[in-house]
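Notes for the one structure printed next.
Owing to the predicted nature of the structure, the values given are computational and were not obtained by experimental measurement. By convention here, the first residue in the shown sequence is residue 1.
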Amino acid sequence: MPSSVQITGTGQLVGLSRRLRTAGGARLQQNLARRVRRAAEPLHKDLQSAVRSVQLPGSGRKVSGGPSPTTRPLRATLAGGIRISVRMGAQPGARVWMDKGRLPPDLRNMPWVLDEGRVRHPVFGNRKRWTTQWAQPTGWWTRTVAAGTPRMRAEVERILGDVRRDLQ
């Protein structure tokens, strides 16, 4: 189930953020924030490519239907909702998350539905006729996050070590 991936609140990151502020490090703090964002970008891109590669095969048409009720591309819309945020204040860290505010109202739950694998929807908008499609592969969010989080965490640890050495 999609949720945010966060590398936040570690004692090292909090202490380092305080030391940057006291060292007069507006430039140092911006540099740290930029490097932490760069550490999160591979996971962000992996999540976007994972949602773009999810297949929703249909069972085939039995009756000829009309045009699609929507013209927006589903996978590209969902990929556009994945965001990165970096904070360097009280709870410093990076977060990769699905911004439901960037999704149309009728697709706000779709990332979770696709991650579970079962998509039930009306046939061409006809609410009297429903169909079920199975997303392949399932777990696009959970699998990608499980694979990318250790790399992101290791990169943030490396950045913290570099900045700590710069402060000494």
R34 and N31: side chain donor to acceptor below 3.5 Å: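 Yes, because at least one side-chain N or O of R34 sits under 3.5 Å from a partner of the opposite role on N31.
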Please check if the side chain of [X] supplies one atom and the backbone of [Y] the other of a donor-acceptor pair under 3.5 Å.
{"X": "R108", "Y": "K100", "result": "yes"}
{"X": "S49", "Y": "D46", "result": "yes"}
{"X": "D99", "Y": "I82", "result": "no"}
{"X": "R83", "Y": "V96", "result": "no"}
{"X": "Q136", "Y": "Q55", "result": "no"}
{"X": "W140", "Y": "P137", "result": "no"}
{"X": "R118", "Y": "V113", "result": "no"}
{"X": "Q133", "Y": "V119", "result": "no"}

Step by step, work out the side-chain contact (heavy atoms from CB on, under 4.5 Å) result for R95 and I84. CA-CA 6 Å; R95 180 176 172 207; I84 300 174; over 6 Å; no
Could you check if a side-chain atom of [X] sits within less than 4.5 angstrom of a side-chain atom of [Y], using non-hydrogen atoms only?
{"X": "P122", "Y": "R129", "value": "no"}
{"X": "T77", "Y": "P104", "value": "yes"}
{"X": "W97", "Y": "S85", "value": "yes"}
{"X": "T138", "Y": "R143", "value": "yes"}
{"X": "R158", "Y": "R35", "value": "yes"}

Considering non-hydrogen atoms only, spot the tightest contact between [X] and [Y] and give its length.
{"X": "E155", "Y": "A39", "result": "CG-CB, 3.3 Å"}
{"X": "A94", "Y": "M152", "result": "CB-CE, 3.8 Å"}
{"X": "T149", "Y": "V145", "result": "OG1-O, 2.6 Å"}

When you look at T131 and H121, which way does the side-chain contact (heavy atoms from CB on, under 4.5 Å) test go after all the steps? CA-CA 6 Å; T131 188; H121 62 90; 3.4 Å; yes
Do the side chains of L56 and L103 join up, straight or via other hydrophobic residues, at under 4.5 Å, putting them in one cluster?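 Yes; tracing contacts between hydrophobic side chains, which count when under 4.5 Å, links both residues.
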Other residues, nucleotides, ligands: >12 heavy atoms within 6.0 Å of R120 CZ: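 Yes, because the 6.0 Å sphere around CZ of R120 holds more than 12 heavy atoms from other groups.
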Within this structure, what is the CG-CD1 distance for the pair L32 and I159, rounded to the nearest 0.5 Å?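 Reported value, rounded in 0.5 Å steps: 7.0 Å.
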Can you tell me how far the CG atom of L114 sits from the CG atom of L107, to the nearest 0.5 Å?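 The distance works out to 9.5 Å.
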E41 with R38: basic N within carboxylate O range, under 4.0 Å: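 No salt bridge links E41 with R38.
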